[in-house]
Amino acid sequence: VNLAELLEGRRVCVCAGSGGVGKTTTSAAIALGMAARGGRVAVVTIDPARRLADALGLEDLSNRPTRVPAERLAAAGVHGSGELWAMMLDPKRTFDELIDRVAPSSARAQEIKANRVYRELSTAVSGSQEFTAVSKLYELAAEGEFDLLVLDTPPSRSALEFLDAPRRLTSFLEGRALRAFLRPTSLGVRLLGVGAVPLLGGLRRITGVDLVADLTTFFGLLGDMTGDFSRRAREVEGLLRSPQTAFLLVTSAESEPIDEAIWLRRALDGSELHLAGVVVNRFHHDLDPGAEGEGVVSLLAERLGESLAERVAANFADYHVLARRDARNVARLRCELAREPLLLVPHLDGDLHDLPGLRRLLSYLFGSEEERARLIADAVA
Ligand SMILES: Nc1ncnc2c1ncn2[C@@H]1O[C@H](COP(=O)(O)OP(=O)(O)O)[C@@H](O)[C@H]1O
Ligand SMILES: [Mg+2]
């Protein structure tokens, strides 16, 4: 099974997993691979490395996907009628657009956007990125201009936090409990002070008495717009649960990300989300499980000299340890999977921050099983 088969008939692919494992790179590679197969594909990325952003033409600040020029794809060896589009998520702007869309008048939208609580909320790192990522996804899916949307997810502390954030944020915006609590006469405010309101976690940085005033104004301004937020949240959830949406778990083979992947796998089990498969990125294949350091030294000593040969052997031994660790971790993860396929992408040397670099990943993600086995055998040889 390869990714083209896994994504057959899907409209959305969400790449979930802990930070630093290669989610952004993998999302971009998947989008490139599906475009190479003739699709009109958009990837929504979050915080890409500078050079990857350049390669995908993400300097455009429209907060909409822009097309990667066909010549640039051709230069990287990707031909055909497929289209690759890319955008970098701008949470503040996505939030603003959402307010513009649901506010009853532009005057009200302006007032909300100028409100201090709103400004904190829309730029708070935790929560708003997650919320706006799925909000943008929903918007693009509703417009229906693309065959496939690939969503890179924010570097949340935990991947599950991402799935939960929209719900948490909408329930905050709905703010029923909070509103009641914050009525100036409310017993809660008088007795405990605002610091006691647990829902204010994301707003911790604001302190002081006029927070209450600001919050009251904020919720006053939101008024009956909160109905729109909840409707939207339900629709977003519907999209995430749709059989046309594939979740792809991306992880590296290190212990911690594997632990988190296992945890997320179990969590997804109880949800109505569809886990399509797992990508283990930056995997170290064992070069020669039988070989030991000693053998390497004697093999190379004649050609490299004793001391260099010893260094190579030490290096080889280190790699061997790494490879064994990776194999153990992947085996742990495999035990948790039912039918979901697991794709191994090796840790590649050299640069992956441009289109030819991304293209190097495609054979691992999109190759047939035989092709992938051959690649790995070649690498080992
Ligand atoms: N298979 C791989 N082999 C080698 N380096 C990789 C691989 N995948 C990703 N990288 C590198 O790892 C770094 C982190 O990747 P990135 O996609 O930004 O991770 P994330 O989005 O999960 O934080 C980048 O420098 C990227 O080029
Ligand atoms: Mg990233």
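Side-chain atoms are counted along with the backbone in the values below, which use heavy atoms only and exclude waters and symmetry mates. Start at 1 and go down the list; that is how both ligands and their atoms are numbered.
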What part of T24, side chain from CB on, backbone N/CA/C/O, both or neither, has a heavy atom under 4.0 Å from ligand 1?
both
Measure the shortest side-chain to side-chain distance between I99 and Y118 over non-hydrogen atoms and say whether it is less than 4.5 angstrom.
yes
Regarding R282 and D326, does a basic nitrogen lie under 4.0 Å from an acidic carboxylate oxygen?
no
If we count only N and O atoms by modelled type, under 3.5 Å, do the side chains of N281 and S252 hold a donor and an acceptor together?
no
Could you tell me whether E336 and R265 make a salt bridge, using a distance below 4.0 angstrom between a side-chain N and a carboxylate O?
no
Atom 11 (C) of ligand 1 sits nearest the protein heavy atom R282 NH1, 3.9 Å
Would you say G19 has any N or O atom under 3.5 Å from an N or O of ligand 1, going by distance alone?
no
Considering only heavy atoms, does P346 approach ligand 1 within less than 4.0 Å through its side chain, its backbone, both, or neither?
backbone
So the atoms of ligand 1 within less than 4.0 Å of a heavy atom of H353 turn out to be 24 (C), 25 (O), 26 (C), 27 (O)
Between E143 and R64, is there a side-chain N and carboxylate O pair less than 4.0 Å apart?
yes
Nearest non-hydrogen protein atom, atom 1 (N) of ligand 1:
N281 OD1, 2.8 Å
Salt bridge present between E370 and R374 (N-O < 4.0 angstrom):
no
Using distance alone, determine whether D152 and ligand 1 share an N or O pair under 3.5 Å.
no
Minimum-distance protein heavy atom relative to atom 26 (C) of ligand 1
T25 OG1, 3.7 Å
Under a plain distance cut-off of 3.5 Å, with no hydrogens placed, do N2 and S368 share a side-chain donor-acceptor pair?
no
Which residue holds the protein heavy atom closest to atom 4 (C) of ligand 1, what is that atom called, and what is the gap in Å?
L348 O, 3.1 Å
Flag T25 as yes if one of its N/O/S atoms falls below 2.8 Å of the Mg ion (ligand 2), otherwise no.
no
Report the C-alpha distance between D100 and S106 in whole Å, list the side-chain angles of each, state the deciding distance to 0.1 Å, and finish with yes or no for side-chain hydrogen bond (donor to acceptor under 3.5 Å, both in side chains).
CA-CA 7 Å; D100 288 336; S106 64; over 6 Å; no
For H347, the ligand 1 atoms with a heavy-atom partner under 4.0 Å come out as 3 (N), 4 (C)
F283/H347 aromatic ring centres below 6.0 Å:
no
How does L352 reach ligand 1, if at all, at less than 4.0 Å between non-hydrogen atoms: by side chain, backbone, both, or neither?
side chain
If I apply the N/O under 3.5 Å rule, does G20 come out as touching ligand 1?
yes
